[in-house]
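Just below is one structure, and these are the notes that go with it.
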There are 2 protein chains.
Amino acid sequence: MNKIKDIARLANTSVATVSRVINGDPNVSEALKKRVYDVIEETGYVPNFVGRNLRTSKSYKLLVILPDIANQFYSEILKGIEEQAGHCGYDVLTSITHLNTEIETRYLDMVKTRQVDGIISFYTAMDSEKIRELARTYPYVQACEPDMAAESSYVMIDNEKAAYDAVTYLIEKGYQSIGMISGTFYRNSENARETGYRRALQTAGLAFCSDNIKHASYDYATGYAECTRLLEQKEPVTAVFSVSDVVAAGAVRSVLDHGLVPGKDVGVIGFDNTSLSETYNPSITTVAQPRHDIGTIAVDLLMEKINDIHAISKGIVLPHHIVYRQSTGDCAE
Amino acid sequence: MNKIKDIARLANTSVATVSRVINGDPNVSEALKKRVYDVIEETGYVPNFVGRNLRTSKSYKLLVILPDIANQFYSEILKGIEEQAGHCGYDVLTSITHLNTEIETRYLDMVKTRQVDGIISFYTAMDSEKIRELARTYPYVQACEPDMAAESSYVMIDNEKAAYDAVTYLIEKGYQSIGMISGTFYRNSENARETGYRRALQTAGLAFCSDNIKHASYDYATGYAECTRLLEQKEPVTAVFSVSDVVAAGAVRSVLDHGLVPGKDVGVIGFDNTSLSETYNPSITTVAQPRHDIGTIAVDLLMEKINDIHAISKGIVLPHHIVYRQSTGDCAE
DNA sequence: TTGTAAGCGTTATCAA
DNA sequence: TTGATAACGCTTACAA
């Protein structure tokens with residue numbers, strides 16, 4: 001494998017000059033520049049970035065840590081991240097933890113071991129103190145599901161208000177007995193959304209009944225099962241607010257299997273506006289997050305920390321909106 | 001930021017010894033080892049892997065290049081890759097090209113610039129000659145959608161036979177006029193599947209009509225639109241074989257909107273056994289690929305090349321199977 | 001404009 | 001068992 005030294009020898013010049021040519025330094029004569037380019041062309045030389053990165057203490061790589069790629073939700077966010085990172089001259093690498101702390105540790109270490117310049121994380125299973133220490137010392141930004149105790153920069157929506165808005169909409173639609181299918185993983189947002197759910201009931205003067213909050217994994221089957229419980233309990237619900245679209249899809253199916261009509265007999269609202277909510281039959285009303293913006297802003301926040309690790313940590317809250325579809329009787333067939 | 005030199009000074013020893021301790025060299029006295037560990041603990045020292053990687057010419061990182069993360073299909077494959085890579089002491093990084101050649105080039109270069117030890121690619125938009133040269137010189141394995149001219153190792157299913165099996169099943173179910181919704185991106189597998197479709201018709205003595213092959217993007221909307229064309233053309237089809245589940249979902253919806261019953265009036269088969277095919281209403285019969293095995297085998301093939309870049313290139317073909325669901329009248333409600 | 005040489009943080013060779 | 005030091009491939013003062 002050719003190194004810069006070989007190129008210098010073949011082009012009859014010094015490694016410094018070759019380096020200058022590679023890095024577009026204008027202070028190289030046209031003749032020499034051409035000679036070097038020719039040799040690079042001939043030999044197919046590619047600089048070793050490990051050597052470069054060591055010397056410059058920069059990798060121009062960002063790492064995005066996702067809990068789970070199966071979640072449609074992250075696709076559009078990632079596009080925003082890549083777009084903005086590209087503007088800043090950074091490449092984006094992604095890793096998936098599958099909610100495993102050991103794996104997460106390995107990837108978090110990539111910023112400590114200088115293999116990436118910063119990290120954007122969408123979920124952490126680590127304890128707060130560890131993350132706090134990390135965020136204090138290395139560029140680290142949280143998105144969507146921040147651990148507030150970490151005191152890092154973060155970007156997210158107002159989950160409490162989002163839930164409040166969704167449930168309030170169900171109430172406006174005339175549904176009186178509203179259940180919620182929450183989750184068991186993302187406790188921060190789940191708690192916030194449960195709070196919003198209760199506040200909406202309270203504001204409307206509806207009674208809260210703890211039986212009406214169920215908890216599902218983020219999959220279709222448990223969404224189906226928990227909705228079934230809500231529909232078959234002593235005081236059945238007539239509407240369901242779910243913390244995820246796939247769970248809402250399971251719920252809709254349960255409604256159908258009970259001989260009820262989604263959006264008429266039973267209203268259903270999901271969360272995240274994933275393509276499933278759009279394509280499911282019937283289509284599912286859902287709370288949409290500004291995914292692209294979440295991505296670009298996460299990068300901006302990270303850049304601030306990369307440029308100055310002591311930059312003040314910012315929390316940025318972005319607006320959400322509801323997408324109205326058949327499962328609440330909107331957007332008729 | 002502490003470096004190995006600092007640790008050596010604080011522990012009153014040499015950098016060589018610290019390096020030995022870090023790397024678990026047994027030839028270090030217990031006393032010294034403890035002293036070094038204590039200092040590492042106190043200081044929170046983390047070795048700089050860029051320095052290490054430069055010295056050892058190894059990164060113990062693999063890069064997986066995906067065309068598009070929105071595709072559910074890759075999630076399980078990625079798990080297989082991560083599992084097997086873990087066994088081999090490698091971390092897995094992922095990048096998404098969005099089918100953009102420029103972006104793909106940037107990520108492919110990571111193996112040339114020595115930032116990763118090898119690459120597994122699920123789709124390439126580059127021209128064959130470039131990929132051939134890359135695969136000759138660096139560890140590079142193709143999965144699912146190989147460019148055969150690249151002469152790299154690869155792992156995939158037999159797409160021709162998979163399509164043949166799917167269409168033959170529709171014929172066995174009694175459908176006589178079978179359409180196909182192919183795609184416009186993954187030409188290798190699409191061509192193979194179109195060939196399999198035609199061979200199945202031929203084998204059954206059914207006439208092939210070019211009007212019966214439509215081409216959709218890999219999304220719901222065009223699946224819906226193309227199926228609509230198949231159902232409304234002069235000689236309407238009574239069954240549809242689609243190269244992707246999401247397209248099949250659109251097709252199913254179109255069938256419903258024509259007042260027809262999927263799995264009875266019109267049979268539909270999708271491809272990839274993504275969760276959508278399982279959860280869609282009605283559920284969708286589909287061709288399943290051995291996703292987990294595709295992942296582990298891709299890693300094995302890559303390791304062979306990492307250990308010896310001149311190792312012979314292997315093509316591995318894995319079995320597929322059909323998952324029977326409602327859209328072909330199986331697996332009754 | 002060009003070249004020499006130090007240095008990035010590590011590992012590994014060699015000698016002690 | 002330990003330590004001194006060269007080397008990995010590159011960038012960047014500094015000197016010429």
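Per chain, numbering begins at 1; letters A, B, ... match sequence-line order. Computation of the quantities below employed the complete heavy-atom set of this structure, encompassing side-chain atoms and omitting hydrogens, waters and symmetry-equivalent molecules.
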Starting from [atom2] on [N], measure out to [atom1] on [X] and report it in whole angstrom.
X: B/Ile7; N: C/dT11; atom1: CD1; atom2: P; answer: 13 Å
X: A/Glu30; N: C/dT2; atom1: CD; atom2: P; answer: 10 Å
X: A/Arg9; N: D/dC10; atom1: CZ; atom2: P; answer: 13 Å
X: A/Lys5; N: D/dT11; atom1: NZ; atom2: C1'; answer: 15 Å
X: A/Leu54; N: C/dA6; atom1: CG; atom2: C1'; answer: 13 Å
X: B/Asn2; N: C/dC8; atom1: CG; atom2: P; answer: 14 Å
X: A/Asn53; N: D/dT12; atom1: CG; atom2: P; answer: 12 Å

Helical bend (five base pairs per end, nearest 10°) for the helix from C/dT1-D/dA16 to C/dA16-D/dT1: 40°
For the student: nearest non-hydrogen atoms of B/Arg291 and B/Phe73, plus distance: CD-O, 3.3 Å
Residue pair B/Thr184 / B/Tyr218: nearest heavy atoms and the distance that separates them: N-CE1, 4.3 Å
Test salt bridge (Lys or Arg N to Asp or Glu O under 4.0 Å) applied to A/Asp117 and A/Lys305, A/Lys58, A/Lys61, A/Lys112, the passing residue: A/Lys58
DNA chain D-proximal residues of residues 32-49 of chain A, any heavy atom under 4.0 Å: A/Tyr45, A/Pro47, A/Asn48
Within residues 13-28 of chain B: residues closer than 4.0 Å to DNA chain D (heavy atoms): B/Thr13, B/Ser14, B/Val15, B/Ala16, B/Thr17, B/Arg20, B/Asn27, B/Val28
4.5 Å side-chain heavy-atom contact, B/Leu63 and B/Val111: no
Ring-ring centroid check B/Phe185 B/Tyr123, cutoff 6.0 Å: no
Using the rule side chain to side chain contact (heavy atoms under 4.5 Å, CB included), only one of [options] pairs with [X]; which is it?
X: A/Val299; options: A/Val92, A/Ile120, A/Val141, A/Val155; result: A/Ile120
X: B/Thr124; options: B/Asp147, B/Thr101, B/Thr97; result: B/Asp147
X: B/Phe122; options: B/Asp68, B/Ile77, B/Ile65; result: B/Ile77

Options D/dT11, C/dT10, C/dT1, nucleotide nearest the side-chain atoms of B/Arg55: C/dT10
Minimum-distance nucleotide to B/Thr56 side chain [options: D/dT1, D/dG9, C/dT11]: C/dT11
Ionic contact status for A/Lys79 with A/Glu82, cut-off 4.0 Å: no
B/Lys33 with B/Glu30: basic N within carboxylate O range, under 4.0 Å: yes
Nearest-0.5 Å distance that lies between atom CG in A/Leu54 and atom CZ in A/Arg52: 13.0 Å
A/Arg52 vs D/dT11: side-chain N/O to OP1/OP2 distance below 4.0 Å: yes
